Amino acid sequence: MLTSVLGGAAASSLGGLAPNKLGAFTYGAATGAPVVSAWENFNGANGTNVNGTTTDGGGLTWSAPRCTWTLTGNQARSTASDCPLVVNPALVNSSVEATISRNGSTAWDAGIIFQSNAAATRFLSAEYTAGSNGSLEIWSYNSGWALLGSVTNLYPGGVATAPASIVLRVESPAPVSPATTSTLRFFINGTQVTTVTLSAANQGLYKIGGQTRSGVYTYYDSSSTFDNVHVDQP
């Protein structure tokens, strides 16, 4: 937080709006591929409010607990400060992936929210930020922020050299029994960039029923946009 083909395809509508883009995702089978619980291409008329619409696949409902998310150029954008946009696949263990575009900004802070409650007052986030020459920061929030891990200096030449967009993926699997901790994995453009191990105490806060919502997140960033979001069963 800067205070600073396989098996399936979907092209259904966002809240009843006609799509113009196709999203293809893999379904679980004998190969061990993840099962996709929900996916979203954010196709629709500019200015459409995303809150209350259903996902293109999976039939889940988007919720924006404390700010407005709208469509722009067939992508989703927030309009306020601390902005979660979540669905509830009812999964304690899941993976979440999204394409994030910075749209020319050199001061972005956008990413994925996961293990969240309904009001998004307790959650984990993976935030792709412009700080420290480009960073990925892993945070927990529960009446206060705690930094769980980070990767910095993604772009040694400065944030102006950052790509126009990245694919960010978070994997939040179940702990391997009899372990009492859970290791989270984080990927940018398919390459694992870091892991974070949840303590037993944090696992008791976040890896429980009621903390099953996932989606996208911005922190004082109304420039970044999101596309091709999906939530998988790991």
Side-chain angles (χ1 to χ4, degrees), residues 1-4 40-42 46-51 62-86 96-116 120-170 184-196 213-229:
M1 176 69 42
L2 286 180
T3 55
S4 49
E40 181 64 77
N41 282 332
F42 294 118
N46 287 348
T48 300
N49 192 326
V50 180
N51 185 50
W62 286 109
S63 172
R66 53 180 170 272
C67 59
T68 301
W69 285 79
T70 57
L71 300 184
T72 178
N74 293 320
Q75 299 185 66
R77 169 178 282 163
S78 68
T79 57
S81 52
D82 161 28
C83 291
L85 177 67
V86 297
V96 190
E97 184 171 303
T99 299
I100 304 171
S101 299
R102 64 186 179 93
N103 297 302
S105 173
T106 56
W108 70 88
D109 189 333
I112 287 172
I113 183 172
F114 60 110
Q115 309 295 158
S116 176
T121 54
R122 179 191 292 172
F123 59 85
L124 302 175
S125 64
E127 298 178 37
Y128 174 58
T129 83
S132 301
N133 283 339
S135 304
L136 184 66
E137 301 173 346
I138 316 306
W139 292 88
S140 66
Y141 184 81
N142 182 27
S143 300
W145 293 98
L147 182 64
L148 303 181
S150 65
V151 176
T152 61
N153 205 35
L154 294 172
Y155 311 113
V159 294
T161 67
S165 64
I166 66 159
V167 176
L168 178 61
R169 181 173 177 84
V170 172
L184 314 176
R185 300 185 291 266
F186 303 89
F187 302 78
I188 293 177
N189 295 336
T191 298
Q192 183 171 299
V193 294
T194 192
T195 63
V196 167
R213 288 154 177 85
S214 301
V216 295
Y217 181 77
T218 59
Y219 189 74
Y220 293 90
D221 178 354
S222 59
S223 297
S224 295
T225 53
F226 295 82
D227 202 359
N228 299 323
V229 177

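Note that the structure is predicted; figures quoted are calculated from it, not measured.
Across all non-hydrogen atoms, the minimal contact from Ala126 to Leu136 is C-CD1, 4.2 Å. Between Asn103 and Ser223 the shortest heavy-atom distance is ND2-O, 2.8 Å.
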**Message:** Could you go through Cys83 and Arg66, starting from their C-alpha distance and side-chain angles, then the distance that decides it, and tell me whether this counts as side chain to side chain contact (heavy atoms under 4.5 Å, CB included)?
**Reply:** CA-CA 7 Å; Cys83 291; Arg66 53 180 170 272; over 6 Å; no

**Request:** Start with the C-alpha distance between Trp145 and Phe123, add both sets of side-chain angles, then the distance that settles ring-ring contact (aromatic ring centres under 6.0 Å, His included), and finish with yes or no.
**Result:** CA-CA 10 Å; Trp145 293 98; Phe123 59 85; 5.6 Å; yes

**Asked** Checking side chain to side chain contact (heavy atoms under 4.5 Å, CB included) for the pair Val167/Glu97: CA distance, chi angles, key distance, verdict?
**Response** CA-CA 7 Å; Val167 176; Glu97 184 171 303; 3.6 Å; yes

**Request:** Evaluate side chain to side chain contact (heavy atoms under 4.5 Å, CB included) for Val229 paired with Asn41, printing each intermediate quantity in order.
**Result:** CA-CA 7 Å; Val229 177; Asn41 282 332; over 6 Å; no

**Prompt:** Do Ile138 and Leu147 pass the side chain to side chain contact (heavy atoms under 4.5 Å, CB included) test, and can you show the C-alpha distance, the side-chain angles, and the key distance before you say yes or no?
**Reply:** CA-CA 6 Å; Ile138 316 306; Leu147 182 64; 5.7 Å; no

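In this structure, the side chains of Val50 and Thr70 stay at 4.5 Å or more apart for every pair of heavy atoms. Between Ser224 and Arg77, the closest side-chain pair of non-hydrogen atoms is not below 4.5 Å. Between Thr79 and Ser222, the closest side-chain pair of non-hydrogen atoms is not below 4.5 Å.
Considering only residues two or more places apart in sequence or on other chains, Tyr128 meets the ring-ring contact (aromatic ring centres under 6.0 Å, His included) condition with Trp108. Remark: Asn189 engages no residue in a side chain to side chain donor-acceptor pair (under 3.5 Å) (not counting sequence neighbours). Every side chain to side chain donor-acceptor pair (under 3.5 Å) that Thr218 has, sequence neighbours left out, goes to Ser78. The side chain to side chain donor-acceptor pair (under 3.5 Å) search around Ser116 returns none, not counting sequence neighbours. Not a single salt bridge (charged side-chain N to carboxylate O under 4.0 Å, His left out) links Arg122 to another residue, sequence neighbours left out. Taking the side chain to side chain donor-acceptor pair (under 3.5 Å) definition, one finds that Asn46 meets it with nothing, sequence neighbours left out.
Between the side chain of Arg102 and the main chain of Ala107, no donor-acceptor pair closer than 3.5 Å is present. Side chain of Ser125 to main chain of Glu127: no donor-acceptor pair is present (N/O by atom type, distance under 3.5 Å, no hydrogens or angles). The backbone N or O of Asp109 sits less than 3.5 Å from a side-chain atom of Asp221, completing a donor-acceptor pair. Distance alone, capped at 3.5 Å, is enough to place a donor-acceptor pair between the Thr129 side chain and the Gly131 backbone.
Evaluated for a side-chain contact (heavy atoms from CB on, under 4.5 Å) with Leu124, the options Ile113, Leu148, Val170 yield exactly one hit, Leu148. Each of Val86, Asp82, Leu85 was checked for a side-chain contact (heavy atoms from CB on, under 4.5 Å) with Tyr217, and the lone residue meeting it is Asp82. A ring-ring contact (aromatic ring centres under 6.0 Å, His included) with Trp62 is found for one member of Trp69, Phe42, Phe226 and no other, namely Phe42. When Val151, Thr152, Val159, Asn153 are each tested for a side-chain contact (heavy atoms from CB on, under 4.5 Å) with Ser135, only one passes: Thr152.
Interatomic distance, Glu137 CD to Tyr219 OH, rounded to the nearest 0.5 Å: 10.5 Å. Residue Ile100 holds its CD1 atom at 11.5 Å from CG of Asn228, rounded to the nearest 0.5 Å. Distance CG/Asn74 to CG/Asp227: 7.5 Å, rounded to 0.5 Å. A distance of 9.5 Å separates OG1 in Thr99 from CG in Leu168, rounded to the nearest 0.5 Å. Within the model, atoms CD1 of Ile166 and OG1 of Thr191 stand 11.0 Å from one another, a figure rounded to the nearest 0.5 Å.
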